[in-house]
Amino acid sequence: MTAAAPVFLSDPAARVRESVVAIVDRSRQSGLGAGFAWRRSDLFVTSAHVVADRKAVVVTPEGRAFEGTVVARDVERDLAVVRAPGTGVHSVTIGDPYALLPGSLVFAVGHPLGVKDAVSVGVFQAVRPVPQGYGLAEQRSVRRGSAFIPWVQADVRLGPGNSGGPIADSEGRVIGVATMIVSGLALAVPAPDVERLLERLG
């Protein structure tokens, strides 16, 4: 009987880590979160709760710090975009969470408890609204024209410092932005919602 080949994420994880930065909000005592370059080397997606102020510091994987400005924010979706020219950070490859099957391998990259560019591995479960009663703003506003907000739901460990970081499939394609833990499960904003926010910037 031939043993199954082991699955390693070293190459996909290394590619994603090249695009992940630390986002520092100087207006907070513990304002450290993650972000990553989306489509361009000067635009970084993160969580809105990571950047309370209009200014933020973007720290590249090499440790270089750049002044950034929040140029877009969607509090309902807990998304923000920070512009920081001159970083030279590679943008991620974008995936489609709606194409994944339940049980697919996924991983998160962030800075949990200050551990830089840590990788957490788990499995994808679904893209779905969170049921009522979990303390989330499940209902969209009327102007959105949709009853519920969809989330990427995955059984992957997140901690303080993962907020705003990517969740990617086993090929290193980013399927969502890590936002929170609910009942032990990771929730992330699906990649298509991020695209819609970026479209506002032109």
Side-chain angles (χ1 to χ4, degrees), residues 9-25 32-51 54-74 77-100 104-112 116-121 124 127 151-152 154 156 158 161-179 186-202:
L9 287 172
S10 56
D11 289 344
R15 291 196 301 273
V16 174
R17 290 175 75 185
E18 290 179 350
S19 303
V20 176
V21 298
I23 305 289
V24 181
D25 185 344
L32 174 65
F36 55 98
W38 187 284
R39 297 292 188 192
R40 292 161 40 177
S41 64
D42 64 337
L43 288 181
F44 297 90
V45 173
T46 188
S47 296
H49 73 264
V50 169
V51 284
R54 188 170 178 272
K55 296 290 185 180
V57 177
V58 174
V59 183
T60 69
E62 299 82 20
R64 296 180 298 147
F66 292 82
E67 291 292 331
T69 303
V70 177
V71 294
R73 185 190 299 272
D74 186 335
R77 241 14 214 122
D78 197 13
L79 283 175
V81 180
V82 179
R83 177 174 284 132
T87 65
V89 175
H90 297 292
S91 60
V92 298
T93 299
I94 301 164
D96 181 7
Y98 293 95
L100 287 184
S104 298
L105 193 66
V106 295
F107 65 93
V109 180
H111 319 296
K116 190 173 183 295
D117 299 332
V119 177
S120 302
V121 181
F124 169 81
V127 182
W151 298 91
V152 174
V156 60
L158 301 180
N162 274 112
S163 293
I167 292 183
D169 64 19
S170 60
E171 299 297 319
R173 296 170 297 212
V174 172
I175 62 168
V177 182
T179 302
L187 296 184
V189 180
D193 280 37
V194 182
E195 290 279 36
R196 282 188 281 274
L197 178 61
L198 267 295
E199 286 173 1
R200 301 179 198 172
L201 296 178

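In this text the structure is predicted, and so the values were computed from the model without any measurement.
- Remark: side-chain polar atoms of Arg73 are paired, donor with acceptor, to backbone N or O of Val51 under 3.5 angstrom.
- No donor-acceptor pair under 3.5 Å is formed between the side chain of Thr60 and the backbone N or O of Val58.
- In this structure, Gly172 and Pro12 approach most closely via the heavy-atom pair N-CB, 3.7 Å.
- When all heavy atoms are compared, the tightest approach of Phe66 to Pro85 is CD2-O, 3.7 Å.
- Using a 4.5 Å heavy-atom threshold, the side chains of Phe107 and Val16 count as touching.
- Side-chain atoms of Thr93 do not come within 3.5 Å of backbone N or O of Arg173 as any donor-acceptor pair.
- Taking the side chain as every heavy atom from C-beta outward, Phe36 and Val89 never approach each other to under 4.5 Å.
- In terms of modelled atom types and a separation under 3.5 Å, the side chain of Asp78 and the main chain of Ala48 share a donor-acceptor contact.
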Are Asp25 and Val50 close enough, and set up right, to give a side-chain contact (heavy atoms from CB on, under 4.5 Å), and what steps lead you there?
CA-CA 7 Å; Asp25 185 344; Val50 169; 5.7 Å; no
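- Contact annotation: the side chain of Trp38 approaches that of Val174 to within less than 4.5 Å [non-hydrogen atoms, C-beta and beyond].
- Contact annotation: the side chain of Leu105 approaches that of Val121 to within less than 4.5 Å [non-hydrogen atoms, C-beta and beyond].
- Of the possible donor and acceptor atoms, one in the side chain of His111 sits under 3.5 Å from a partner among the backbone N and O of Val21.
- Trp151 has its side chain out of reach of Val127: every pair of non-hydrogen atoms, C-beta onward, lies at least 4.5 Å apart.
- Across every non-hydrogen atom of Arg17 and Asp117, the tightest pair is NE-O, 3.0 Å.
- Tested against Val82, the residues Val57, Thr46, Leu43, Asp42 include a single side chain to side chain contact (heavy atoms under 4.5 Å, CB included) partner, Thr46.
- Side-chain contact check for Val177 versus Asp193: every heavy-atom pair is 4.5 Å or farther apart.
- Closest heavy-atom contact between Leu79 and Leu197: CB-CD2, 3.6 Å.
- Between the CZ atom in Arg196 and the CG atom in Leu198 there is a gap of 12.0 Å [rounded to 0.5 Å].
- Remark: the backbone N or O of Ala178 is paired with a side-chain donor or acceptor of Ser47 at under 3.5 angstrom.
- At a threshold of 4.5 Å between non-hydrogen side-chain atoms, the residues Arg77 and Pro190 count as touching.
- In this structure the side chain of Val106 reaches within 4.5 angstrom of the side chain of Leu100, judged on heavy atoms.
- Minimum interatomic distance between Glu171 and Arg15 (heavy atoms only, all atoms of both residues): O-NH2, 2.8 Å.
- Of the possible donor and acceptor atoms, one in the side chain of Arg64 sits under 3.5 Å from a partner among the backbone N and O of Thr87.
- Proximity of a side-chain donor or acceptor of Thr179 to a complementary backbone N or O of Ala188 within less than 3.5 Å is not detected.
- We find the CD1-CD1 distance between Ile94 and Ile175 to be 12.5 Å, quoted to the nearest 0.5 Å.
- Judged by distance alone, with hydrogens and angles left aside, the side-chain atoms of Ser41 form no donor-acceptor pair with the main-chain N or O of Gly88 at under 3.5 Å.
- For Ala34 against Gly110, the heavy-atom pair with the smallest separation is CB-CA, 4.2 Å.
- Taking OG of Ser163 as the start and CG of Leu158 as the end, the distance is 7.5 Å to the nearest 0.5 Å.
- No more than 12 heavy atoms of other residues, nucleotides or ligands lie within 6.0 Å of CZ in Arg54, so this atom counts as exposed by the packing criterion.
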